[in-house]
Amino acid sequence: VEHEYDVNLNEIEKRFKDENEKIQGRISFKYNNNNNIIEVINSDSIFRQNWKQKYIYNTEGLNVEILYLTLNDSLLKRSTYTYLPNRQVGEACFFNNESELTSKTTYKYDSQLNITSKLTYYPYDEKTEQHTFEYEYDKNKNWTSLKEYINNEPDDIIIREIEYYK
């Protein structure tokens, strides 16, 4: 994989090559004047997965919508985002190409702004999925242990070691 960056160190292209160095696919990235990503274009000659994403921001610079499109701008799906006062995502809604809600996720955070709860509702079968997260912190308030539960059942544990330099 080759990466190309602009003068602001934004990735502007990612190229996927085979063993003969022939480009098999590429992903291009475009940014606005605030260095926010505004478009991603995927061109893949092997799997023929050609699509693009357009990002829409509010006046505060927060991403409020992503459009998932074909290369000729036909809508495949879209997602919208609302934010809490701390600028963290509070709600994410996903819609199909006919603007029907396919899922809605609400988020809660702790004082360190780590996700503590993620509740997803699927209207097509009226099911919900609850993810909860428990953290242990070190003396520098960095988490060192993360336990994830799905519908109150243990799912994953992540332990990380942080080495501090003096």
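- For Glu19, the salt bridge (Lys or Arg N to Asp or Glu O under 4.0 Å) criterion is met by no residue, not counting sequence neighbours.
- Between the CD1 atom in Ile37 and the CD1 atom in Ile12 there is a gap of 11.5 Å [rounded to 0.5 Å].
- With rounding to the nearest 0.5 Å, the separation of OH in Tyr55 from CD in Glu39 is 10.0 Å.
- Evaluation of the side chain to side chain donor-acceptor pair (under 3.5 Å) rule for Asn35 yields Asn8, Asn10 as partners, not counting sequence neighbours.
- At least one donor-acceptor pair under 3.5 Å links the side chain of Tyr31 to the backbone N or O of Glu11.
- Here the side chains of Gln130 and Ser117 are in contact, with some heavy-atom distance below 4.5 Å.
- Cluster partners of Ile159, using a side-chain heavy-atom cutoff of under 4.5 Å among ILVMFWY residues and allowing indirect links, are Ile157.
- Applying the salt bridge (Lys or Arg N to Asp or Glu O under 4.0 Å) rule to pairs touching residues 96-124 yields Glu91-Lys104, sequence neighbours excluded.
- Taking the charged nitrogens against the carboxylate oxygens, Lys14 and Glu4 have no contact shorter than 4.0 Å, which rules out a salt bridge.
- Asp125 CG: more than 12 foreign heavy atoms inside a 6.0 Å radius.
- With no hydrogens or angles considered, no side-chain donor-acceptor pair links Asn96 and Tyr124 at under 3.5 Å.
- Counting only residues at least two apart or in different chains, salt bridge (Lys or Arg N to Asp or Glu O under 4.0 Å) contacts with residues 152-166 are absent.
- No side-chain heavy atom of Thr80 sits less than 4.5 Å from a side-chain heavy atom of Phe94.
- Checked by atom type and distance alone, the side chain of Thr82 never pairs as donor or acceptor with a backbone atom of Gly90 at under 3.5 Å.
- The salt bridge (Lys or Arg N to Asp or Glu O under 4.0 Å) contacts involving residues 139-149 comprise nothing, where partners must be two or more places apart or lie in separate chains.
- When side chains are defined from C-beta on, Asn36 does not count as touching Asn63, because their heavy atoms never get closer than 4.5 Å.
- With a 4.5 Å cut-off between side-chain heavy atoms of Ile, Leu, Val, Met, Phe, Trp and Tyr, the cluster of Leu119 takes in none.
- Taking 4.5 Å as the limit, some side-chain heavy atom of Ile38 sits within range of a side-chain heavy atom of Tyr57.
- Within the 4.5 Å cutoff, the side chain of Phe16 has heavy atoms near those of the Ile27 side chain.
- Members clustered with Tyr5: none, using a 4.5 Å side-chain heavy-atom cutoff among hydrophobic residues.
- Between the side chain of Asn58 and the backbone N or O of Glu60, at least one donor-acceptor pair lies under 3.5 Å.
- By the side chain to side chain donor-acceptor pair (under 3.5 Å) test, Glu2 pairs with Arg15, Lys17, sequence neighbours left out.
- We find the CD-CG distance between Gln112 and Asn142 to be 8.0 Å, quoted to the nearest 0.5 Å.
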**Asked** Can you check side-chain hydrogen bond (donor to acceptor under 3.5 Å, both in side chains) on Tyr81 and Ser79, steps first, answer last?
**Response** CA-CA 7 Å; Tyr81 305 90; Ser79 55; 2.8 Å; yes

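- Crowding of Asn152 atom CG: a count of heavy atoms from other residues, nucleotides or ligands under 6.0 Å not exceeding 12.
- Residue pairs meeting the salt bridge (Lys or Arg N to Asp or Glu O under 4.0 Å) criterion with at least one member in residues 61-84, sequence neighbours excluded, are Lys52-Asp73, Lys54-Asp73, Glu65-Arg78.
- Partners of Thr144 under the side chain to side chain donor-acceptor pair (under 3.5 Å) rule, at least two apart in sequence or in another chain, do not exist in this structure.
- The line from CD of Glu13 to OG of Ser43 is 8.5 Å long, rounded to the nearest 0.5 Å.
- Applying the side chain to side chain donor-acceptor pair (under 3.5 Å) rule to Asn32 yields no partners; only residues at least two apart in sequence or on another chain are considered.
- Distance alone, capped at 3.5 Å, is enough to place a donor-acceptor pair between the Tyr135 side chain and the Ile115 backbone.
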